[in-house]
Amino acid sequence: MNDRTSVKALPGIWRRRAKALRRYGSEPPAIALERCAAELEDTIAERDETTFSLVEASRESGYSADHLGRLVRDGKIPNAGRPGAPRIARRHLPRKAHAPAAPRLAQKRRSGEFSNAQIVQSIIEKGIE
């Protein structure tokens, strides 16, 4: 894994590693990697389906609540809520080009302060930043 590997790519990487481990007779670690991959995929899917009010979505995306409301009204973003109380799923949030700085964990990873195992442990304990 390098600094450019996305969290969403990890399950595939882990499954390929599990396959390699199996070829060498390491069944228990292979099973553990496959379970981790499945759990991470479930976590990512759940996270992507998280919905936000327009105010929450504004904080998350960097766009104003008014602008996001217009995008929902114009049908450019699906309404994950109901009429009169729109919500936006995280996976549909637009992001400003000058998004906030990388999360602390990613910043530290670039500087080499965290190992891959520590990143995985953080994801398991805290979810995806």
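Below, each value reflects all heavy atoms present in this structure, side chains not excepted, and no hydrogens, waters or symmetry copies.
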Requested in this report: In sequence, state the C-alpha distance, the side-chain angles, and the governing distance for Arg73 and Arg70, and then conclude on side-chain contact (heavy atoms from CB on, under 4.5 Å).
Outcome: CA-CA 5 Å; Arg73 278 191 304 281; Arg70 274 191 301 279; 3.1 Å; yes
Requested in this report: Show the numbers, then the answer: is there a side-chain contact (heavy atoms from CB on, under 4.5 Å) between Leu93 and Tyr63?
Outcome: CA-CA 9 Å; Leu93 277 180; Tyr63 287 98; over 6 Å; no
Requested in this report: Would you please test Val72 and Leu68 for side-chain contact (heavy atoms from CB on, under 4.5 Å) and show each step?
Outcome: CA-CA 6 Å; Val72 170; Leu68 294 170; 5.6 Å; no
**Report entry** Full working for side-chain contact (heavy atoms from CB on, under 4.5 Å) between Arg95 and Glu60
**Finding:** CA-CA 8 Å; Arg95 303 281 180 185; Glu60 193 76 15; 3.7 Å; yes
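At least one donor-acceptor pair under 3.5 Å links the side chain of Thr43 to the backbone N or O of Glu39. Formation of a donor-acceptor pair under 3.5 Å by the Ser26 side chain with backbone atoms of Pro29 is not found in this model. For Arg87 (side chain) and Thr51 (main-chain N/O), a donor-acceptor pair under 3.5 Å exists by modelled atom type. At distances below 3.5 Å, at least one donor-acceptor pair connects side-chain atoms of Asn79 with backbone N or O atoms of Gly81.
A salt bridge links Asp48 with Lys8: the distance from a Lys NZ or Arg NE/NH1/NH2 to an Asp or Glu carboxylate oxygen falls below 4.0 Å. Ion pairing between Arg90 and Glu46 fails under the 4.0 Å rule for side-chain N and carboxylate O. Using a cut-off of 4.0 Å between Lys/Arg side-chain N and Asp/Glu carboxylate O, Glu49 and Arg91 are scored as salt-bridged. Ion pairing between a basic and an acidic side chain is recognised when a charged N comes within 4.0 Å of a carboxylate O; Arg17 and Glu34 show no such pairing.
Separating the CZ atom in Arg47 from the CG atom in Leu40 is a distance of 11.0 Å, to the nearest 0.5 Å. Going from atom SG of Cys36 over to atom CZ of Arg15 covers 10.5 Å, rounded to the nearest 0.5 Å.
Under a cut-off of 6.0 angstrom, the local environment of CZ in Arg82 is sparse, with at most 12 non-hydrogen atoms contributed by other residues, nucleotides or ligands.
Between Glu56 and Ser53, the shortest heavy-atom distance links the atoms OE1-N, 2.8 Å. Scanning both residues, Ala80 and Ala89, for their nearest heavy atoms gives CB-N, 4.0 Å. The shortest non-hydrogen separation linking Ser61 to Pro94 is CB-O, 3.0 Å.
The same ILVMFWY cluster, assembled from side-chain heavy atoms under 4.5 Å apart, contains both Leu33 and Ile44. No single ILVMFWY cluster, assembled from side-chain heavy atoms under 4.5 Å apart, contains both Ile88 and Val55.
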